[in-house]
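To start, the structure itself, in structure tokens.
Note that the numbering runs from 1 along the sequence shown for the chain. Everything numeric here is computed off the predicted structure, so don't read it as measured data.
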Amino acid sequence: MSVSRVRDELEALVADKNAADCPARLVLEHITSRWGVLVLGALLDGSLRFSELRGIMGGVSEKMLAQTLRTLERDGFVHRHAHPVIPPRVDYSLTGLGEEAARQVWALVQWVDGRVSDVEAARERYDAAREQYDAAREEHDAART
């Protein structure tokens, strides 16, 4: 087997991240969604019950939290442990894969948190420039009519 053929076969095995059907895209969507990031970050500190997670994550509905937990559990990031007690008790924790993903995503969250003021300043500059552009465009259009 030639070197070029081996290289071609290896390249075929590596998914093109820009391809619409790339399976990594869906995983990325799950762990970087608004609620996925927050669930992973919250569970970095240890196991939590559903109500504890919901209390930490302001603004999430029960339905959305349940859906996010199910998705992350299906992907192998979250472990759901149902205790055989009355009333029912369910704890959620990170798997090894989940902890690895959570640390990566949480590093991005911390970076964003440290740069929010820069983003807000950029938005203000953009909005001001856009307003000037729109005003000039309106003035130009009015002069043409």
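Applying the salt bridge (charged side-chain N to carboxylate O under 4.0 Å, His left out) criterion to Arg115, with sequence neighbours excluded, gives Asp118. Contacts of Ala122 classified as side-chain contact (heavy atoms from CB on, under 4.5 Å), with partners at least two apart in sequence or in another chain: Arg125. With sequence neighbours excluded, no residue satisfies side chain to side chain donor-acceptor pair (under 3.5 Å) with His140. Residues that satisfy the side-chain contact (heavy atoms from CB on, under 4.5 Å) test with Val27, not counting sequence neighbours, are Phe77. Residues passing the side chain to side chain donor-acceptor pair (under 3.5 Å) test with Arg74: none are found, sequence neighbours excluded.
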Q.
Assess the residue pair Leu53 and Leu43 against the criterion (side-chain contact (heavy atoms from CB on, under 4.5 Å)); give the C-alpha distance rounded to whole Å, side-chain angles, the decisive distance to 0.1 Å, and a yes or no.
A. CA-CA 8 Å; Leu53 273 168; Leu43 292 176; 4.2 Å; yes
Q. Leu72 and Tyr92: side-chain contact (heavy atoms from CB on, under 4.5 Å), yes or no, with the steps?
A. CA-CA 11 Å; Leu72 293 173; Tyr92 295 91; over 6 Å; no
(Q) As a quick check of understanding, evaluate side-chain contact (heavy atoms from CB on, under 4.5 Å) for Phe50 and Leu65, giving each step before the final call. (A) CA-CA 8 Å; Phe50 185 91; Leu65 180 55; 3.7 Å; yes
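Arg34 CZ: 12 or fewer foreign heavy atoms inside a 6.0 Å radius.
Under 4.0 Å is where a charged nitrogen must lie from a carboxylate oxygen, and between Asp134 and Arg130 at least one such pair does.
No chain of hydrophobic side-chain contacts below 4.5 Å, direct or via other Ile, Leu, Val, Met, Phe, Trp or Tyr residues, connects Leu108 to Leu44. Val105 and Val112 are assigned to two separate hydrophobic clusters, defined by single-linkage of ILVMFWY side chains at heavy-atom distances under 4.5 Å. No path of Ile, Leu, Val, Met, Phe, Trp and Tyr side chains, each step under 4.5 Å between heavy atoms, connects Leu28 with Val37, placing them in separate hydrophobic clusters. The cluster map of Ile, Leu, Val, Met, Phe, Trp and Tyr, joined by side-chain heavy atoms under 4.5 Å apart, puts Trp111 and Val116 in the same cluster. Hydrophobic clustering places Leu97 together with Val39 (ILVMFWY residues linked when any side-chain heavy atoms are closer than 4.5 Å, directly or through intermediates).
Closest heavy-atom contact between Ala42 and Ile56: CB-CG2, 4.3 Å. Nearest heavy-atom pair across Ala101 and Ile31 is CB-CD1, 4.4 Å.
Applying the salt bridge (charged side-chain N to carboxylate O under 4.0 Å, His left out) test to pairs two or more places apart or on separate chains, those with a residue in residues 78-102 are Arg89-Asp91, Glu99-Arg103.
For the atom pair CG (Leu69) and CE (Met64), the distance works out to 11.5 Å, reported to the nearest 0.5 Å. Between Thr71 atom OG1 and Glu29 atom CD the span is 9.5 Å, to the nearest 0.5 Å. For the atom pair CG of Leu26 and CG of Asp75, the computed distance is 6.5 Å after rounding to the nearest 0.5 Å.
Judged purely by atom type and a 3.5 angstrom limit, Thr95 uses its side chain to pair as donor or acceptor with the backbone of Gly76. Of the possible polar contacts, one joining the Arg54 side chain to the Val60 backbone as a donor-acceptor pair under 3.5 Å is found.
Val90 places none of its side-chain heavy atoms less than 4.5 Å from the side chain of His81.
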